Amino acid sequence: MKFRPLHDRVLVRRIEGIEKTAGGIIIPDTAKEKPQEGEVIAAGAGAKAEDGKVTPLDVKAGDRILFGKWSGTEVKVDGEDLLIMKESDILGIIEGTASGSKKKVA
């Protein structure tokens with residue numbers, strides 16, 4: 001099944017968090033919090049203004065994002081648990097790799 005979000009909504013796959021602490025303690029599933037990091041799978045065309053103009057979204061498919069703990073609506077697409085949320089629920093885009101080269105902040 002192919003799914004395309006409308007307007008200013010995005011389809012997001014959660015990226016699983018760490019399985020154990022820095023000290024080596026394994027965190028059981030019951031104690032884990034839902035990850036607030038995800039990957040954009042698909043994005044709508046953009047938000048429509050009252051005059052009919054469409055403002056494109058700042059995120060695109062493939063972006064790694066950070067979102068609020070209670071953001072979005074959980075849906076199942078092709079047996080996979082995903083989230084649909086508005087672009088305004090997205091806190092920011094994570095740039096760089098997961099292993100991450102740290103950037104200097106000026």
Side-chain angles (χ1 to χ4, degrees):
M1 170 170 63
K2 200 163 186 165
F3 182 84
R4 183 176 51 97
L6 297 177
H7 308 295
D8 64 338
R9 290 182 175 79
V10 294
L11 185 65
V12 176
R13 174 185 300 124
R14 285 187 195 268
I15 296 175
E16 292 304 318
I18 55 172
E19 298 291 321
K20 58 182 170 178
T21 65
I25 298 171
I26 296 174
I27 304 169
D29 288 338
T30 55
K32 287 183 192 172
E33 289 190 22
K34 289 185 176 181
Q36 293 175 261
E37 189 176 327
E39 178 186 359
V40 176
I41 304 300
K48 273 191 181 175
E50 288 182 22
D51 62 359
K53 290 186 180 181
V54 176
T55 305
L57 301 181
D58 290 330
V59 297
K60 62 188 178 312
D63 283 349
R64 287 177 59 119
I65 60 167
L66 210 58
F67 51 88
K69 187 178 277 191
W70 307 110
S71 298
T73 302
E74 293 183 357
V75 295
K76 220 174 207 134
V77 178
D78 289 338
E80 183 177 12
D81 290 325
L82 302 172
L83 290 168
I84 296 175
M85 65 181 69
K86 288 185 166 262
E87 185 187 37
S88 59
D89 291 339
I90 297 172
L91 303 175
I93 299 171
I94 300 170
E95 296 180 351
T97 61
S99 59
S101 54
K102 293 186 179 180
K103 293 183 179 179
K104 273 191 171 178
V105 178

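Predicted model only: the values in this text are computed from it and were never measured.
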query: How long is the span from the CZ atom in Arg14 to the CD atom in Gln36, to the nearest 0.5 Å?
result: 8.5 Å

field: Rounded distance [0.5 Å steps], CD1 in Ile15 versus CD1 in Ile94
entry: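 Those atoms lie 6.5 Å apart.
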
Donor-acceptor pairs under 3.5 angstrom involving side-chain atoms of residues 44-62: please list them, not counting sequence neighbours.
| from | atom 1 | to | atom 2 | distance (Å) |
| --- | --- | --- | --- | --- |
| Asp51 | OD1 | Lys53 | N | 3.1 |
| Lys60 | NZ | Asp63 | OD1 | 3.1 |

task: Return each pair, listed once, that meets salt bridge (charged side-chain N to carboxylate O under 4.0 Å, His left out) where at least one residue sits in residues 79-91; pairs must be two or more places apart or across chains.
output: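 Residue pairs passing salt bridge (charged side-chain N to carboxylate O under 4.0 Å, His left out), neighbours aside: Asp8-Lys86, Arg13-Glu80, Lys76-Asp81.
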
query: Taking only residues two or more places apart in sequence or in another chain, which ones pass side-chain contact (heavy atoms from CB on, under 4.5 Å) with Ile84?
result: Phe3, Arg9, Leu11, Val75

